[in-house]
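Side chains included, hydrogens not; waters and symmetry mates left out as well; all remaining heavy atoms used.
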Amino acid sequence: MELIQSFLNLVAPPFTVVSLGLLLPHYVIFKYFFSLVRGLFSEDVAGKVVLITGASSGIGENLAYEYAKRGAQLALVARRESSLEEAAEAARYYGSPEVITIAGDVSDLSDCRRIIDDTMNHFGRCRFESDEEIQMGWIGLFMMNSVMDAVDHLVNNAGIANMTLFEEIIDITSFKQIMETNYWGSVYMTWLSIPYLKNRGGKIIVVSSAAAWLPSPRMSIYNASKAALRSFFETLRVEMSPEIGITVVTPGFVESEITKGKALYSHGRMEVHQDVRDVLVGAIPVETAAACAKAIVRSACRGDRYLTEPSWYNAVYYLKALCPEVVEWCYRILVYTTPGTSAAEALNKQILDLTGAKTAMYPPSIHSVEINDD
């Protein structure tokens, strides 16, 4: 056995390099052609049912608006009922023929069951306009079967973050909620939705993060939860394809409550600290939630396997894969501060303040510290 392992250690690297050299150009051409074909036959979601978690703000809220513009029916889920109702009203204005709101916490399995049941009870039946339609016999039955078990797109978007050094955490157990919401919330919703998605040949859109592969300090648990999401849904794609399509989205810094500075800090409480946000984001441009949502819906309807938004983050991904030490050095020089020192001492924060780049790089909505916590 050791001899075989030694042989593979010797042969596998050069064999891989030669294979990539021969196959990669053809693979790239095939992917480009296939991408053009998907663009030509993009899915029409008009009248289809889309369930979105974390829909009361940020990317989730704007995903609701983007699907609404395409005529989809929406089930919007979040914990904050008042904000959810405001998003639903705007979605109706943008063109959604029907919107329901479901207040719930995806980290609670019983809440997830209720969310799915409420969606099924509302959209999972056929409604006829007149007595004549009811009397259409087998045609009416066919129509009923065509809309039963109706979930066409499940968008797993709900998430929370932490922005504190791991060493500064006071109560580590209070940070379990990050994994429970970001990871288990998506797993619960997916597990409960799979029978309905399979019946409809549906799609799952999971909002992971570029943090899944970037070792950003102060966000260790958040980064881990997003990496777990990516790995889980890549595995699920192998199990569920082609019955269910899965698009894994890895956004960079996007306009949201997180890029406003809302996160769990050392005591495990949800707070807003924009000085820490400035350290993490620095002078990197923050994309608007509307632009990100538009790209996500377009990618999901095309049936893309992955989307990194904005796309220039792909360059950072390749840098991380090929030169991980360089990325780590940059984070230590620009972002990291020793435990107990002020975040304002970070070089990233000093550069941001010195250049005044925040005005140009951050959307106006994230300059304010106000958070709607109703």
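- At distances below 3.5 Å, not a single donor-acceptor pair connects side-chain atoms of Gln73 with backbone N or O atoms of Pro97.
- Considering CZ of Arg302 and OG of Ser42, their distance stands at 7.5 Å, rounded to 0.5 Å.
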Thr337 and Ser342: CA distance, side-chain angles, deciding distance, side chain to side chain contact (heavy atoms under 4.5 Å, CB included) verdict: CA-CA 8 Å; Thr337 55; Ser342 170; over 6 Å; no
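- The shortest distance between side-chain heavy atoms of Tyr222 and Ser209 falls below 4.5 Å.
- Put simply, the side chain of Glu255 never gets that close to the backbone of Gly58: no donor and acceptor are under 3.5 Å apart.
- The hydrophobic cluster containing Ile102 also contains Leu197, counting ILVMFWY residues as joined when their side-chain heavy atoms lie under 4.5 angstrom apart, directly or transitively.
- Val155 has its side chain out of reach of Leu51: every pair of non-hydrogen atoms, C-beta onward, lies at least 4.5 Å apart.
- No donor-acceptor pair closer than 3.5 Å links the side chain of Ser368 to the backbone N or O of Ser365.
- Side-chain atoms of Asp108 do not come within 3.5 Å of backbone N or O of Gly104 as any donor-acceptor pair.
- Ile59 and Met189 are not part of a single hydrophobic cluster, where members link through side-chain heavy atoms under 4.5 Å apart.
- For the pair Asn348 (side chain) and Val279 (backbone), a donor-acceptor distance under 3.5 Å is present.
- Both tests do not hold together for Arg70 against Tyr67: distance to the six-membered ring centre under 6.0 Å, angle to the ring axis within 45°.
- Judged as a salt bridge (charged side-chain N to carboxylate O under 4.0 Å, His left out), the pairs with a partner in residues 234-247 (not counting sequence neighbours) are, in order, Lys198-Glu243, Arg230-Glu234.
- Taking the six-membered ring where the residue is Trp, Tyr362 and His367 present tilted rings, their angle falling between 30° and 60°.
- For the pair Met120 and Val151, the minimum side-chain heavy-atom distance is below 4.5 Å.
- Taken to the nearest 0.5 Å, the CG atom of Leu347 stands 13.5 Å off from the CZ atom of Arg332.
- Residues passing the side-chain hydrogen bond (donor to acceptor under 3.5 Å, both in side chains) test with Glu287: none are found, sequence neighbours excluded.
- Side-chain contact of Arg269 with Ser174: a donor-acceptor pair under 3.5 Å is absent, judged by distance alone.
- When each of Tyr306, Tyr317, Tyr318, Tyr313 is tested with Trp213 by the rule ring pair (Phe, Tyr, Trp, His ring centres under 6.0 Å), just one qualifies, namely Tyr317.
- When the options Leu214, Ile178, Leu280 are evaluated for a side-chain contact (heavy atoms from CB on, under 4.5 Å) with Met219, the one that passes is Leu280.
- Between the side chain of Thr53 and the backbone N or O of Ala158, at least one donor-acceptor pair lies under 3.5 Å.
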Should Val206 and Thr247 be marked as a side chain to side chain contact (heavy atoms under 4.5 Å, CB included) after you check the CA-CA gap, both sets of side-chain angles, and the distance that decides it? CA-CA 6 Å; Val206 54; Thr247 300; over 6 Å; no
Could you go through the side chain to side chain contact (heavy atoms under 4.5 Å, CB included) check for Val106 and Tyr188 one step at a time? CA-CA 7 Å; Val106 295; Tyr188 292 155; over 6 Å; no
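- The backbone N or O of Ile52 sits nowhere less than 3.5 Å from a side-chain atom of Asn157 that would complete a donor-acceptor pair.
- Between Val327 and Pro215, some side-chain heavy-atom pair lies under the 4.5 Å cut-off.
- Under the 3.5 Å distance criterion, the side-chain polar atoms of Asn121 are matched with a main-chain donor or acceptor of Asp117.
- Contact annotation: the side chain of Ile169 approaches that of Phe175 to within less than 4.5 Å [non-hydrogen atoms, C-beta and beyond].
- Ionic pairing of Asp111 and Arg114 is present here: one or more N-O contacts between side-chain nitrogen and carboxylate oxygen are shorter than 4.0 angstrom.
- Cluster membership for Ile205 and Leu76, using ILVMFWY side-chain heavy atoms within less than 4.5 angstrom, is shared.
- Within a 6.0 Å sphere centred on NZ of Lys294, heavy atoms belonging to other residues, nucleotides or ligands number 12 at most.
- Between Lys203 and Asp152 there is no salt bridge, since no side-chain nitrogen of the basic residue lies less than 4.0 Å from a carboxylate oxygen of the acidic one.
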List the steps, then state whether side chain to side chain contact (heavy atoms under 4.5 Å, CB included) holds for Ser299 with Val249. CA-CA 9 Å; Ser299 183; Val249 184; over 6 Å; no
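- Using modelled atom types and a 3.5 Å distance limit, the side chains of Thr101 and Glu85 yield a donor-acceptor pair.
- Asn62 places none of its side-chain heavy atoms less than 4.5 Å from the side chain of Cys292.
- Within the model, atoms CD1 of Ile194 and CG of Asn199 stand 12.0 Å from one another, a figure rounded to the nearest 0.5 Å.
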When you look at Thr164 and Arg218, which way does the side-chain hydrogen bond (donor to acceptor under 3.5 Å, both in side chains) test go after all the steps? CA-CA 4 Å; Thr164 185; Arg218 298 181 182 273; 5.5 Å; no
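- Between His273 and Met163 there is no side-chain heavy-atom pair separated by less than 4.5 Å.
- Between Glu89 and Arg92 there is a salt bridge, since a side-chain N of the basic residue sits under 4.0 Å from a carboxylate O of the acidic one.
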Asn156 vs Thr190, test: side-chain hydrogen bond (donor to acceptor under 3.5 Å, both in side chains). Steps then yes/no. CA-CA 8 Å; Asn156 289 310; Thr190 300; 3.1 Å; yes
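- In this structure, CD on Gln350 lies 12.0 Å from CG on Asp278, to the nearest 0.5 angstrom.
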Mind running salt bridge (charged side-chain N to carboxylate O under 4.0 Å, His left out) on Arg200 and Glu43 for me, showing each step along the way? CA-CA 13 Å; Arg200 304 285 290 180; Glu43 180 185 4; over 6 Å; no
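- The structure places OH of Tyr331 at 4.5 Å from OG of Ser216, a figure rounded to the nearest 0.5 Å.
- Neither Val45 nor Ile246 shares a network with the other; the hydrophobic side chains, linked directly or stepwise wherever heavy atoms of I, L, V, M, F, W or Y lie under 4.5 Å apart, form separate groups for each.
- With respect to Lys349 and Asp353, a salt bridge is recorded, a charged nitrogen being found less than 4.0 Å from a carboxylate O.
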Trace of the salt bridge (charged side-chain N to carboxylate O under 4.0 Å, His left out) decision for Arg298 with Glu66: CA-CA 9 Å; Arg298 182 174 62 243; Glu66 195 60 36; over 6 Å; no
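- Under the 4.5 Å side-chain contact rule for hydrophobic residues, Tyr183 and Val207 do not share a cluster.
- In this pair, Tyr94 and Tyr65 present their aromatic rings tilted. The plane angle is within the 30 to 60° band.
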Check against side-chain hydrogen bond (donor to acceptor under 3.5 Å, both in side chains), Ser208 and Thr250: CA-CA 5 Å; Ser208 178; Thr250 52; over 6 Å; no
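- In this structure a side-chain-to-backbone donor-acceptor pair under 3.5 Å is present from Arg277 to Thr259.
- Annotation: side chain of Ile172 is in contact with side chain of Phe166 (closest heavy-atom distance under 4.5 Å).
- The distance from the CG atom of Leu74 to the CD1 atom of Ile100 is 9.5 Å, given to the nearest 0.5 Å.
- Without hydrogens or angle criteria, Thr355 side chain to Ile351 main chain gives a donor-acceptor distance under 3.5 Å.
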